[in-house]
Amino acid sequence: MDWVYRGFETSLLGLALGLGLAACWSLGTEPAPSATLSVTLPMLTVTSPAP
């Protein structure tokens with residue numbers, strides 16, 4: 001049964017590593033244009049054209 005927990009923990013560590021690398025890779029992206037409305041929540045970002 002220990003292998004189940006070990007596999008689950010390993011998959012979560014791999015997911016965290018992948019998300020961390022994706023976050024570092026996306027740091028160089030261009031910011032949204034100033035004529036847009038943005039709402040940022042802890043785990044979600046929504047951007048739409050300003051009215």
Side-chain angles (χ1 to χ4, degrees):
M1 193 67 178
D2 186 44
W3 59 272
V4 173
Y5 296 119
R6 225 173 259 253
F8 183 69
E9 182 180 10
T10 302
S11 65
L12 286 179
L13 285 172
L15 177 65
L17 177 65
L19 289 175
L21 288 174
C24 288
W25 184 55
S26 67
L27 284 177
T29 59
E30 296 178 12
S34 60
T36 60
L37 176 67
S38 296
V39 176
T40 304
L41 299 173
M43 296 296 288
L44 178 69
T45 300
V46 178
T47 304
S48 66

Exercise. Honestly curious: do Leu13 and Leu17 fall in one hydrophobic cluster under the side-chain, below-4.5 Å linking rule?
Worked result: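 Leu13 does not cluster with Leu17.
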
Sequence neighbours excluded, every pair satisfying salt bridge (charged side-chain N to carboxylate O under 4.0 Å, His left out) that has a member inside [range]:
{"range": "residues 12-22", "answer": "none"}
{"range": "residues 13-24", "answer": "none"}
{"range": "residues 10-19", "answer": "none"}

For this session: Among residues two or more places apart or on two chains, list those pairs meeting side-chain hydrogen bond (donor to acceptor under 3.5 Å, both in side chains) that have a residue in residues 6-19.
Result: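 Those involving residues 6-19 are Asp2-Arg6.
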
For this session: Show which residues join Leu12 in its hydrophobic cluster (side-chain heavy-atom contacts under 4.5 Å, direct or indirect), or state none.
Result: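 Joined to Leu12, directly or through intermediates: Phe8.
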
